[in-house]
Protein chains: 2
Amino acid sequence: MDIKDNRVIPVLNDQLCFAVYSLSLAISKVYRPLLKQLDLTYPQYLVMLVLWEGDQLSVSEIGEKLFLDSATLTPLLKRLEVSGLLSRERSSRDERQVIICLTTAGKQLRAQAGQVMETMLCAMGCSIEEVQGLRDRLNGLRNHLVMNLD
Amino acid sequence: MDIKDNRVIPVLNDQLCFAVYSLSLAISKVYRPLLKQLDLTYPQYLVMLVLWEGDQLSVSEIGEKLFLDSATLTPLLKRLEVSGLLSRERSSRDERQVIICLTTAGKQLRAQAGQVMETMLCAMGCSIEEVQGLRDRLNGLRNHLVMNLD
DNA sequence: TCAAATAAAATCGCTTGCAATTATATAGTG
DNA sequence: CACTATATAATTGCAAGCGATTTTATTTGA
């Protein structure tokens, strides 16, 4: 590879974007059978992780944490409501907001999440340092991109 | 954060998975307006990148390069066929295979892809070394996960 | 006060992504 | 040859994702 060729750099960057894309798909493919035992998809699992940290959040508060908007979250939350894991109720203080609360079943599901995380960690098979380093780099990159989206 | 707490490691790994997920979404959000000028989505762009390297590929050959299967590719390729960028024809040597060839319009579109890559590189804003390092690490992780999927 | 601006969620239409299944063609085996 | 096994695409059904728009509620400000 001739680094002096200016075309190399854009192509390299393209390869990085593809690496992120294909890794993301591979990760959900590993999560799928694990989460099937909890009757969750990966995005649903992410919502549950947020709510286990603390519920009574509005749709947009969840969206801020996960970088998703109501067009994605509303149908997803409705499915979790049908599953009996959470409730969706209009705030009486501000009728525009819909407040999400965990049900007892939703809170209890947390106990099974540990096993999923353990298995996933094992599947990834890399050191703490590598995980920390990668996480920070990727979050930095994402924050940089999200910042410039407006 | 207490690194002695064993729960920290699985959670860290979970954070890495989310970092990959959210970065992947952020990347497509940056690509979207750029690729709209070429009337392509990001997965369609990936298929075109593969074909620009060399066409006359079967659906599964494209799938191997992109880690996608026919359930995803067949409808996507049909849309690109309707757009006039490629042709889908059964191989006469093996009637099971569908061979994908670029049309003249499909080949010509390549000229506009350079601009997309340049703009994207600028949006990412990181050094060659960082791009190379990240790409290799993420590909390594993906290959490790894909290998253990059977 | 009250119309215009803003904010939150929902809805619509479209494109992935994929597990599971089906249809068809080829390869292999007796 | 026939007959099973395998390979390749296509199809089906569902769940994301999201741009664009709509609906309803709140805020602003003249």
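To find a chain, count down the sequence lines: A is the first, B the second, and so on, and within it residues start at 1.
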| field | A/Tyr42 OH to D/dG17 C1', straight-line distance once rounded to whole Å | value | 15 Å
| Taking CG from B/Leu46 and C1' from C/dT16, how many angstroms apart are they, rounded to a whole number? | 12 Å
| By side-chain contact (heavy atoms from CB on, under 4.5 Å) - contacts of B/Asn139 (at least two apart) | A/Ala19, B/Arg135, B/Arg142
| request: Quick one: the dot-bracket string of DNA chain D, using Watson-Crick and G-U wobble pairs with both distances under 3.5 Å, [ ] for crossing pairs and | for bases paired to another strand. | output: ||||||||||||||||||||||||||||||
Only distances under 3.5 Å count here; give the side-chain donor-acceptor pairs of residues 63-79 of chain B to other protein atoms, sequence neighbours excluded, each with its distance to 0.1 Å.
unit_1	atom_1	unit_2	atom_2	d
B/Asp69	OD1	B/Ala71	N	3.3
B/Asp69	OD1	B/Thr72	N	3.4
B/Thr74	OG1	B/Ser70	O	3.0

| request: Sequence neighbours left out, what passes side-chain contact (heavy atoms from CB on, under 4.5 Å) with A/Gln56? Give chain and number order. | output: A/Ile99, A/Cys101
| request: Just jot down the side chain to side chain donor-acceptor pair (under 3.5 Å) partners of B/Glu130, sequence neighbours excluded, or say none. | output: none
| Between atom CG in A/Leu40 and atom C1' in D/dA16, what is the gap in whole Å? | 14 Å
| query | A/Asp94 has an atom CG; how far is it from atom P of C/dA9, in whole Å? | reply | 8 Å
| note | In whole angstroms, the gap separating P of D/dA15 from CG of A/Leu80 amounts to 11 Å
| Whole Å only: how far is the CG atom of B/Asp69 from the C1' atom of D/dA10? | 11 Å
| said: Please report the distance, rounded to the nearest Å, between CD in A/Glu81 and C1' in D/dA15. | reply: 17 Å
Nucleotide N/O to protein N/O under 3.5 Å, stretch nucleotides 2-7 of chain D:
unit_1	atom_1	unit_2	atom_2	d
D/dA7	O4'	B/Arg96	NH1	3.3

| note | Taking every heavy atom of A/Gly84 against every heavy atom of A/Thr103, the minimum-distance pair comes out as O-OG1, 2.6 Å
| Which pairs with one or both residues in residues 94-111 of chain B pass salt bridge (Lys or Arg N to Asp or Glu O under 4.0 Å), sequence neighbours excluded? | B/Asp94-B/Arg96
Collect all protein-nucleotide pairs involving nucleotides 10-15 of chain C in which both atoms are nitrogen or oxygen and the distance is under 3.5 Å.
unit_1	atom_1	unit_2	atom_2	d
C/dA10	OP1	A/Arg88	NH2	2.5
C/dA10	OP2	A/Thr74	OG1	2.5
C/dA10	N7	A/Ser70	OG	2.9
C/dT11	OP2	A/Lys78	NZ	2.6

| message | If you compare every side-chain N and O of A/Ser60 against the phosphate oxygens of C/dA9 (OP1, OP2), does one of them come in below 4.0 Å? | response | yes
| Side chains of A/Tyr45 and A/Leu49 in contact at under 4.5 Å (non-hydrogen atoms) | yes
| query | Would you say B/Ser24's side chain and B/Val20's backbone share a donor-acceptor pair under 3.5 angstrom? | reply | no
| Listed partners of B/Glu81 passing side-chain contact (heavy atoms from CB on, under 4.5 Å), at least two apart | B/Leu86, B/Arg88
| task | Sort and list the pairs that fulfil salt bridge (Lys or Arg N to Asp or Glu O under 4.0 Å) and have at least one residue in residues 36-59 of chain B, not counting sequence neighbours. | result | none
| message | I need the minimum non-hydrogen distance between B/Trp52 and B/Gly106, along with the two atoms involved. | response | NE1-O, 2.9 Å
| said: Quick check on contacts: within residues 21-36 of chain B, what sits under 4.0 Å from DNA chain D by heavy-atom distance? | reply: B/Tyr21, B/Leu25, B/Lys29, B/Arg32
| Want to settle it: does A/Glu95 or B/Glu61 sit nearer the 5' end of DNA chain D, counting the closest nucleotide to each? | B/Glu61
| request: Please tell me if the side chains of B/Ile27 and A/Tyr21 come closer than 4.5 Å, counting only heavy atoms from C-beta onward. | output: no
| Rounded to the nearest Å, what distance is computed from the OH atom of residue B/Tyr45 to the C1' atom of nucleotide C/dT16? | 18 Å
| task | Taking the side chain as every heavy atom from C-beta outward, state whether B/Leu85 and B/Leu40 have any atom pair closer than 4.5 Å. | result | yes
| message | Going by salt bridge (Lys or Arg N to Asp or Glu O under 4.0 Å), name the residues that satisfy it together with A/Arg90, two or more places apart in sequence or in a different chain. | response | none
